[in-house]
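Here's the structure, in structure tokens; my notes come after.
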Amino acid sequence: MAKIKVEGLTKVFGKKPKRALELLEQNKTKDEILKETGNTVGVNKATFDVKDGEIFVIMGLSGSGKSTLVRLLNRLINPTAGKVWVDSEDLSTMDEKTLRETRRKKMSMVFQKFGLFPFRTIASNVEYGLEIQGMAKEERADKAQNALELVGLKGYENMYPEELSGGMQQRVGLARALANDPDILLMDEAFSALDPLIRKDMQDELIDLQNKMQKTIVFITHDLDEALRLGDRIMIMKGGSVVQIGTPEEILTEPEDEYVEKFVEDVDRSKVFTVGNVMMRAETINMDKEGPRVAMQRMKDAKISSIFVVNRERKLIGIVHADDVSRLMKEGKNSVEEVIDRDIPTTTKDTVLKDILELLTYKSNVPVAVVEDEKIKGIVVRGTVVAALSGSEVKLNGISS
Amino acid sequence: MEFLPRLPLADWIDAFVDWLKNADFIFDGLTSFIDVILTGLAGAIGILPSWILIIAFTALTFWFAGRKVGLAAFVLIGLLLLDNMGYWEDMVLTLAIVLTAAIISVVVGVPLGIWMAKKQAVEGTLRPVLDFMQTMPAFVYLIPAVAFFGIGEVPGVVASVIFAMPPTIRLTNLGIRQVSTEMIEAADAFGSTAMQKLFKVQLPMAKTTIMAGVNQTIMLSLSMVVIASMIGAGGLGTAVYYAVGRNDVGGGFEAGFAIVILAIILDRLTQSFSEGKD
């Protein structure tokens, strides 16, 4: 069942929202409406579901309305039109008190610039949500402690936010949100203010936490890589409208329109990842002592149809294919020498994937050998490259990515 | 422009003030209220022998204003000098008037500032009033103050409050408005009530700015206390006022020094609070 259901959600900023709504009905664009009424369309008729326990990423550039949208989900901003249901309760018609209760119990928010209270200690920041519910001191201290342990910040309770690094501050922000034990976490560009390495750590940690806790997370980001790493499903927004909703793979492989396509293209993994990232262990035979029988056995064991051939010094000679080898076996030959294909594509560890894509498509049944000092270090096959480009984890044959 | 008759603005104001006098009971009530605070404070401060207060002030400035030995030494020597010149009792009275004015200013001004920050309309109305209060020559306040509150310390306090309260109101308003959206959103997103947001987030965030306003209020009321000596508010101001009347340069400067010493102590102390020591 959908945890959050959104239908026709629209936000118009400005003085004459009615007129702007009418124009939206006529499918006028954001710019036309701005020109005609002076109103800004923040979010334009967004409709989507967030499933229980998923990480739903809303991605868009600045001005795409993603931050407005997430604030409509807990009504920090009141919608101009449309509905939001949380657990089948209509948020848009809730009175102040019910809304407050919903915010206290069901949904917490994590902010881009952390939103920590500088005059409160770390523990007291984490306790804030519980404190305003009137929870007893010991009980909320307990819960805050648990939340801080969960994000790995035990021992920092009595420090102040400014004494902590950005990454740690955001952990506090996360702990504060978790202390309330909400079903839903709204994360507004939660990791955007962090530097890239810390950011990746936080992403991994969020995935770990999510595996433990199974919250419903709505995560806002402008970064496709982050979206692909975190999202169970991704919603792409542009100019206040929803452009596409889908799994990371769908977004990468079937972009709905030019905009998404350009987006996906912009964050080109093939220029970032190197052969070393996706290399697998190579199966080889030593032509100086091993014959067709060994070659065949090894191919069978590894379930492959060709195997690389090296000499005694482990220098790469070429490749042999299963059908040639079985012919040699029938002929009773003891060496594979005569069927070695010596004209094989090779590359080096530091080559970016972009530069070997051609090799892979052109001779797709033959893996590309990764060579260093004429010795084979590993191989690259089409499947792993594609997987890497679509953002999946790559861990193969004991060689880690 | 001579075809226009001269507007009888002064007559109108007089008529308005006369009409206001109908509300005598309110002013009488206010007078006794202010008098209670004032005599209470003056009594409380005056009951202690001067040497205890000198030590107490020195210690206070040392502890709160950044543990500066030089400043503490200045306070000690300054107060000893003040006592030596024979201005101790005047200083106590002046301090009581200033503190009374400051307390009233804070009690009235901070809520006004909060209201102003919350309601755009209130800000629109109050802003010109505050401008008026601050730019009108301070002497002018003395006239209606006498009309409503008679002469003595109480009208002095009233004139000080009118003249000195605006910074507290303004900076409370500013301080609350300056609290970042993300802080407000964080408070709201966790389900704070309006009161919880005010007391647990906005006021603590605005504390430094508000205290800067209180500091200015205290400084302004100190300057007003001197002016108010013209309507019989006692204290150090009277000494200055007399010295001016007698063309007594030496005596005037002596009393002036006493005021400066008191001003520096008050300034450093309230500034240290505004820098937020937690």
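Sequence lines set the chain letters: A, B, ... in the order given, protein chains first and strands last, and positions in each chain run from 1.
Residue B:Ser180: no heavy atom, backbone or side chain, is found under 4.5 Å from chain A. A:Gln112 touches chain B through backbone and side chain together, each having a heavy atom under 4.5 Å away. For a residue to count as touching a neighbouring chain, one of its non-hydrogen atoms must lie under 4.5 Å from one of that chain's; by this rule A:Arg75 does not touch chain B. A:Phe114 touches chain B through its backbone: at least one of N, CA, C or O sits under 4.5 Å from a heavy atom, while the side chain does not. For A:Leu130, no part sits under 4.5 Å from any heavy atom of chain B, backbone or side chain.
For the pair B:Thr94/B:Met91, no side-chain contact is recorded, criterion being any heavy-atom separation below 4.5 Å from C-beta on. Inter-residue side-chain proximity for B:Leu41 and B:Leu95 is flagged as unmet; no heavy-atom pair is nearer than 4.5 Å.
Chosen from A:Met109, A:Glu101, A:Arg71, the residue pairing most often with chain B at heavy-atom distances under 4.5 Å is A:Arg71. In terms of non-hydrogen atom pairs under 4.5 Å with chain B, the most contact-rich of A:Leu116, A:Asn74, A:Val110 is A:Leu116. For the set A:Glu131, A:Arg176, A:Lys97, the count of heavy-atom pairs under 4.5 angstrom toward chain B peaks at A:Arg176.
Annotation for B:Lys197 and B:Ala187: closest pair CG-CB, 3.9 Å, computed over non-hydrogen atoms.
Aromatic ring orientation, A:Phe48 versus A:Phe56: parallel (interplanar angle below 30°, classes split at 30° and 60°).
For the atom pair CG (B:Leu266) and CD1 (B:Ile261), the distance works out to 12.0 Å, reported to the nearest 0.5 Å.
Using modelled atom types and a 3.5 Å distance limit, the side chains of A:Asn158 and A:Thr121 yield no donor-acceptor pair.
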